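Report on the following structure.
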Amino acid sequence: MSYNITEIDQWAKAFWNENKVYEVTNDTSLPKHYVLDMFPYPSGAGLHVGHPLGYVASDIYARFKKMQGFNVLHPMGFDSFGLPTEQYAIETGIHPADATTKNIETYKKQINNIGYNYDWSREVITSDPKYYKWTQWIFLRLFDSIYCYENQKAYSISVLINHFETHGNHNNTAFTNKEVPPFSAEEWHQFSEKEKNDILMHYRLAYVDYAEVNWCEALGTVLANDEVINGKSERGGHPVVKKTMKQWFLRISAYAQRLLDNLESLEFTESLKEQQRNWIGKSQGALIDFKCNEDTIKVYTTRPDTIFGSTFVVLSPEHPLIEKITSSDFKTEVEAYQNYCKTKSDIDRQAEKKVTGQFTGAYATNPVTLQKIPVYIAEYVLMGYGTGAIMAVPAEDERDFRFAKHFEIPIVEIFDKSQITNPEIGDKKGIYINSDFLNGLEYAEAHTKIINQLIQLQVGEPKTQFRIRDAGFSRQRYWGEPMPILWKDGIAYPLPEDQLPLMNPEVDEILPTEDGSSPLARNQKWVNEIEGYTRETDTMPAFAGSSWYFLRYMDPNNEQHFVDTDLAKYWNQVDVYVGGTEHAVGHLLYSRFFTNFLYDIQLISFYEPFKRLINQGMIQGRSNFVYRSVSNPNHFISKNKITDAQQVTPLHVDVNIVENDVLDTEAFKKWRHEFANATFELEEGQYICGWEVEKMSKSKYNVVNPDHIIAKYGSDCFRMYEMFLGPIELSKPWNTAGIEGVSKFLRKFYHLFFNEAGELKITNDAPQAEELKILHKLLKKVSEDIEQFSFNTSVSAFMIAVNELNQIKCDKKGILEPLCRAIAPFAPHLAEHIWSKINPNPSSIVLASFPKFEAQFLIENEVEYPVSINGKMRLKLKFNTDADPKTIETEVLANETVQKWMEGKPLKKFIFVKGRMINIVI
RNA sequence: GCGGGCGUGGUGAAAUUGGUAGACACGCUAGACUUAGGAUCUAGUGCCUUCGGUAUGGGGGUUCGAGUCCCUCCGCCCGCACCA
C-alpha cells in the first residue's frame with residue numbers, strides 16, 4: 001500500500017496554496033476564458049450534495065482551458081443575503097451577519113476539500129458592504145433611467161425631462177405600462193414637484209407603485225412572481241395572497257422583446273429557452289373597441305379573425321367599467337357576484353369547474369356585425385391579463401362555449417370544418433363562414449383583412465402583448481440590501497452616491513413592525529437620520545446581488561467603479577456557466593436584464609452575460625429499506641424471503657450501514673434503541689435490503705456526505721466518480737458502491753509510475769508505435785469530450801488507456817509524462833504528486849500544457865472490417881487501409897465463411913464503406 | 001390541454017451521429033493466491049439455446065443497413081396553462 005491518498009491530497013493542496021497557482025492575473029495579452037459556477041447560498045446545513053457535481057465539471061473544464069494556454073477566470077463566491085439566515089436569526093438571536101460568516105467558512109472548507117482551482121482572492125460575497133455598495137449603485141442607475149422603445153435602449157431620465165420641458169409628452173417614446181394622460185410643455189412647467197415626479201415614476205426602470213403583490217404572511221414579505229409556485233411560496237410552501245401595497249418594481253417588461261430576441265444567440269438548452277419564452281409570453285393580436293353606450297370596452301384578442309362569432313363580451317369582475325355600465329335592475333346581482341369573487345384567490349378562480357357569471361344588463365356593439373351583444377362578468381376572465389375583457393367566441397373556445405350554453409347565448413359557427421379530421425371546439429381552423437367579407441378565406445388572408453378593416457373603421461389596432469410583469473423589488477425584511485432612497489413629501493430621492501454603501505442598521509429585533517414595515521423601520525433614529533427626509537425601509541430581494549456578481553469577479557476590489565470598463569471588455573461574457581435548471585426564469589432572466597441595461601448605459605461592452613450554459617442534473621439519493629413483519633414488529637425479513645402471506649412494513653434504513661444492499665445486522669441493532677433485540681430472517685446468511693431512488697434527505701437516511709467519501713477515497717476519486725456516474729445534465733442516484741471501480745483505476749494509474757515501495761519506475765526508453773497509439777487515442781477522445789462536457793466518457797477513456805498500458809507493461813516516460821498532464825484536470829492531486837517526482841524542480845502541473853493530440857500516431861495500415869450478410873454481422877476481415885474496393889470485393893466473396901453464409905445465392909449488391917464496414921446483399 | 005425531453009442488461013451507462021448494440025464500471029458466477037478475505041489477480045456474465053436464434057418501451061415504415069430518421073400507440077420526467 002504505497003499510494004497514500006490522504007498524504008498526497010494534503011501535500012498537493014498545501015503546495016497550490018503556497019505557490020498561489022490559482023491566482024488569476026488580468027494579463028490582457030493572453031486569450032481569456034471565463035468559466036463560472038452559480039454561486040451558492042451558504043445555508044447552515046453545509047454544502048448541498050448536488051453542488052459538487054457542477055463544480056467538478058467546471059473545474060475540469062477550467063483547468064483544461066488553462067493548460068491550453070488561456071487566461072482562465074474561474075472564481076467563486078456566496079449569494080449570502082436571504083430569508084433562511086434571517087429566520088435562523090429570529091430563532092436563535094444570532095445576527096444574520098455572524099451566521100453568514102460562519103456558514104461561509106463551513107462552505108469554503110468543504111469546497112476546498114474537493115480541490116477546485118478557484119481564485120479566492122476574487123471572492124464575491126453579496127452581503128458584504130464592499131459589494132452591495134455597487135448593487136445599490138446599480139439600483140440608482142435603474143432609478144435614474146428610462147427605456148426608449150423606439151431605439152430599444154435605456155437612457156438617462158434627463159432625456160425624458162428634457163422632452164417634457166420642450167414637447168410635453170407628445171411624441172414621447174419612453175416605455176411605460178401605465179396610463180399617462182397627454183400634457184403639453186406648458187402644462188409640464190405648471191405641474192408641482194410632486195406631480196412631475198409622479199409622472200416620471202411611470203417611466204423609471206426602478207419605480208414605486210401601489211400594486212397588487214404576492215404577499216406571504218408566514219414570511220412577512222412580498223415575493224416576486226418566480227418565487228411563487230402554484231400559489232405557495234417557493235421557500236417553505238406557505239400560502240401567498242394578493243395584496244395592494246406600495247412596492248418597488250423593476251421595469252423588466254420594457255426589455256421583454258430584447259430578452260426574447262437575444263435568446264436565439266445563446267447556447268442554452270432548448271427547454272431552458274422555452275421556459276424563458278413562456279415566461280416572457282409574447283402574443284400578437286389586436287385591441288378592439290366594443291362600444292357600450294357612451295363607453296368603450298377595450299378587448300384584447302389573439303384571433304381578431306374570429307370576431308364574427310363573438311356573441312357576447314365578458315369582463316373581469318374587477319373591471320373598472322362595470323360600475324358605469326351595469327343597468328339598475330342588475331346592480332344587486334352584479335355586486336353579489338363581485339363579492340363572491342373577492343372571497344376567492346386567483347388560483348381558486350382558475351380551478352373553478354362550475355360555470356359562473358353574471359349578466360350586467362348592458363349590451364355592447366360588435367364593431368363588425370353591429371349586433372348588440374350582452375355584457376357579462378365572470379371569474380374566468382382575469383384583470384391581470386390583456387385588458388381584463390374578452391370578446392367571447394363560443395363556437396371556437398371551450399370556456400366561452402360552456403358559458404354560452406349555460407346562459408343560453410346564441411352560438412355562431414364561423415368555420416366550415418367539413419374538411420378537418422376530428423374537428424373540435426377551439427381548433428380555430430377551416431374555411432370562414434358567417435363572416436361577411438372573410439367568407440371562403442383561409443387564416444393568413446383573413447387575419448390581414450380583418451386587421452385592416454378594424455383600422456379603417458377606427459375600432460381596433462394590432463397589439464403585441466407580453467405576459468411578463470415587472471419584477472417586485474421590495475422585501476419587508478432585514479437581511480437584504482437597504483434601498484438607497486430618501487423620501488420627502490411623497491417624493492423619492494436617490495441617496496447621494498458618496499453615502500453608499502447604505503448599511504443595515506442595528507435593530508432591537510429582527511421582526512417586521514406592527515404596520516407591516518420591514519425590521520429596518522424599528523430603528524427610527526436611522527430612518528430619520530437625514531434632516532427633512534425619511535429613509536426607505538424596504539430591502540432588496542435576493543436576486544439583486546446575484547444579477548450582476550459575474551461582473552464583479554473581473555475586478556473585485558475596485559472602489560471607484562463596480563467594474564473597470566477595460567477589464568470588463570477583456571473578460572467579457574461568461575464563456576461557460578454551470579448550474580441547475582431551477583434558476584431558469586429567475587436568476588437567469590434578471591441577470592440578462594441587468595446586463596442588457598448596463599450595456600445600454602455604456603458601462604460594459606456586451607449585453608448578454610452568459611454565452612453558454614450547462615445545466616447539471618440533480619444527484620438523487622438511493623434509499624435502502626428493511627422489511628418489518630407486521631405480526632412481529634421485532635422481526636425483519638430479508639427482501640427475497642417475503643411471501644404473499646407475510647405482511648411487512650418497509651422502513652428506511654441508514655445507507656451507511658448497508659453495503660451492496662447487504663445489511664450490517666449488528667450495526668442495525670446499534671443504530672436505534674428499538675432495534676436492539678431485532679431478529680432477522682436471512683437469505684443465504686445475509687439480510688438483503690430493498691432500494692429505491694428518492695430525493696436525498698435526512699429523513700430518508702440516504703444522505704451521503706462528500707467529506708466522508710473524500711476521507712476514505714480521496715478528493716481525486718470523489719471528483720472522478722462524480723463524473724463517471726453519467727452525463728452531467730442527467731439526474732441520477734448516488735450509489736457509493738460503484739466508487740470502487742474508480743478507486744481501483746487510480747491505484748492502477750499510480751502504479752504505472754511507482755512500484756510497491758513507492759519508488760519511481762519509469763524509463764527513458766523510446767515509446768513504441770503501439771504505446772503512442774494508446775496515448776493519442778486517449779488524447780483525442782479526452783480533448784473532444786472536455787469541450788462537450790462529456791466527462792463520464794473521458795473517465796472511461798482513461799480507464800481503457802490505463803488497462804491497455806498495464807497490459808503491455810508500459811514504463812516509458814515519453815508516454816506516461818503526457819498521460820500525467822492529461823489526467824491533471826480530473827485528478828489534480830495525484831497528477832501534481834507524480835509531476836513533482838518525474839520532473840526535478842517542477843513548477844505546478846496546473847501551469848503545464850495539455851498534451852496535444854497528433855493524428856499521425858493513429859494512422860493504421862490495416863483495418864478490420866465487420867462483414868455483414870444482409871445487414872447481419874457474420875465475420876471480420878482485415879484489409880490494407882488503402883486496399884482497392886474491387887480487390888476487397890473479390891477477396892471477401894471468395895472467403896469460405898462468406899460463401900457458407902451466402903448459401904450459393906447470387907450477389908445483389910456489395911456495399912463497402914471505407915474504414916467502416918462491408919455489407920453483402922443477397 | 002399545449003410545448004419540450006426521455007425510454008438500451010440485475011445497476012450506472014457507452015455507441016465515432018445511419019454502419020460490429022451493451023464500451024467502461026458496479027454487481028454476480030467460477031477459479032488462483034491466502035491462516036483469513038469485504039484485499040489482489042484471472043476468466044465468464046443481455047436473453048433463449050446444440051448449430052443458431054433473438055434483443056435498444058409496443059406496433060408499423062424508410063434504407064443494403066435503424067438504438068439513432070419518419071408515423072403511431074404506451075409509459076415516465078420537466079415546463080406552461082381557463083392567457084383571451
Side-chain angles (χ1 to χ4, degrees), chain A residues 1 269-279 281 283 285-286 299-304 306 310 313-314 316 346 349-353 355 378-382 384-393 396-400 402-403 424 426 465-467 581-582 584-585 617 622 659-662 664 691 693 721 724-727 729-745 747 780-781 784 790 792-803 864-876 908-913 915-922:
Chain A
M1 178 52 205
T269 59
E270 201 41 53
S271 83
L272 199 132
K273 287 187 191 179
E274 197 56 33
Q275 282 181 58
Q276 294 215 347
R277 284 188 203 112
N278 280 338
W279 190 258
S283 68
V299 150
Y300 177 70
T301 175
T302 52
R303 290 300 295 265
T306 62
S310 181
V313 166
V314 188
S316 158
D346 266 12
R349 271 171 61 174
Q350 288 165 20
E352 184 59 66
K353 286 278 175 284
V355 176
E379 59 182 316
Y380 80 85
V381 177
L382 303 174
Y385 190 80
T387 58
I390 63 161
M391 58 170 219
V393 183
E396 286 304 329
D397 184 285
E398 182 64 42
R399 292 158 304 155
D400 297 349
R402 280 187 290 138
F403 198 86
E424 274 173 46
Q465 181 89 24
F466 290 96
R467 196 183 74 100
T581 44
E582 65 273 22
V585 289
R622 187 181 186 277
E659 198 162 325
N660 291 332
D661 295 332
V662 176
D664 181 339
W691 64 273
V693 173
Y721 184 54
F724 187 61
L725 239 30
E729 69 278 6
L730 246 58
S731 288
K732 58 236 154 198
W734 175 273
N735 182 6
T736 306
I739 201 170
E740 289 293 343
V742 176
S743 180
K744 272 185 223 167
F745 156 76
R747 265 199 297 276
K780 181 171 192 287
K781 177 85 180 134
E784 288 170 0
S790 174
N792 54 328
T793 50
S794 28
V795 175
S796 349
F798 274 110
M799 289 175 168
I800 293 168
V802 166
N803 286 346
E864 193 178 42
Y865 285 96
V867 180
S868 301
I869 285 98
N870 281 345
K872 280 202 167 66
M873 210 281 288
R874 295 301 183 185
L875 70 155
K876 290 174 186 173
K908 274 197 196 145
K909 201 168 177 184
F910 188 87
I911 290 157
F912 170 72
V913 183
R916 285 257 185 272
M917 45 70 67
I918 292 162
N919 191 17
I920 297 163
V921 188
I922 53 173

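Not measured: the values here are computed from a predicted model. Residue numbering restarts at 1 for every chain, and letters A, B, ... go by the order of the sequence lines.
- Residues A:S796 and A:F724 share a closest heavy-atom pair of OG-CE1, 4.1 Å.
- Shown here are the ring-ring contact (aromatic ring centres under 6.0 Å, His included) partners of A:F745, two or more places apart in sequence or in another chain: there are none.
- Distances shorter than 4.0 Å separate some side-chain N or O of A:N803 from OP1 or OP2 on B:A25.
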For RNA chain B, what dot-bracket results from Watson-Crick or G-U pairs at under 3.5 Å, with [ ] for crossers and | for inter-strand partners? (((((((..(((......[....)))((((((.......))))))(((...)))..(((((..]....))))))))))))....
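- Here, B:A21 and B:G57 have their P atoms 16 Å apart, quoted to the whole Å.
- Both the sub-6.0 Å distance and the 45° axial angle are satisfied by A:R467 relative to the ring of A:W279.
- Closest to the side chain of A:T301, out of B:G79, B:A84, B:C24, is B:A84.
- Taking for each of A:I739 and A:E270 the nucleotide of RNA chain B with the nearest heavy atom, the 5'-most of the two is the partner of A:E270.
- Regarding the sugar-base torsion, B:G9 falls in the syn class, its angle being within 90° of 0.
- Nucleotides B:A23 and B:G12 are separated by 13 Å at their C1' atoms, to the nearest Å.
- Nearest nucleotide to the side chain of A:N278, out of B:C80, B:A84, B:C78: B:C80.
- Nucleotides B:G58 and B:C26 have their P atoms positioned 29 Å apart, rounded to a whole Å.
- Taking the O4'-C1'-N9-C4 or O4'-C1'-N1-C2 dihedral as appropriate, B:U17 has a value within 90° of 0 and is therefore syn.
- For A:R467 and B:A81, the shortest distance from a side-chain N or O to OP1 or OP2 is below 4.0 Å.
- No engagement by A:V585 is indicated, since no non-hydrogen atom pair under 4.0 Å with the nucleic acid exists.
- For A:F403, the ring-ring contact (aromatic ring centres under 6.0 Å, His included) criterion is met by A:F312, A:Y376, A:Y380, A:F407, not counting sequence neighbours.
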For nucleotides 10-23 of chain B, just jot down a letter per nucleotide in 5' to 3' order: B, S or -, based on protein non-hydrogen atoms under 4.0 Å. --BSS-BS-BB--B
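- Residues passing the salt bridge (charged side-chain N to carboxylate O under 4.0 Å, His left out) test with A:K780, sequence neighbours excluded: A:E784.
- If you take atom C1' in B:G61 and the same atom in B:U68, they sit 15 Å apart, rounded to whole Å.
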In B/S/- notation (B base, S sugar-phosphate only, - none; protein heavy atoms under 4.0 Å), nucleotides 36-52 of chain B written 5' to 3' is --B-S-----------S
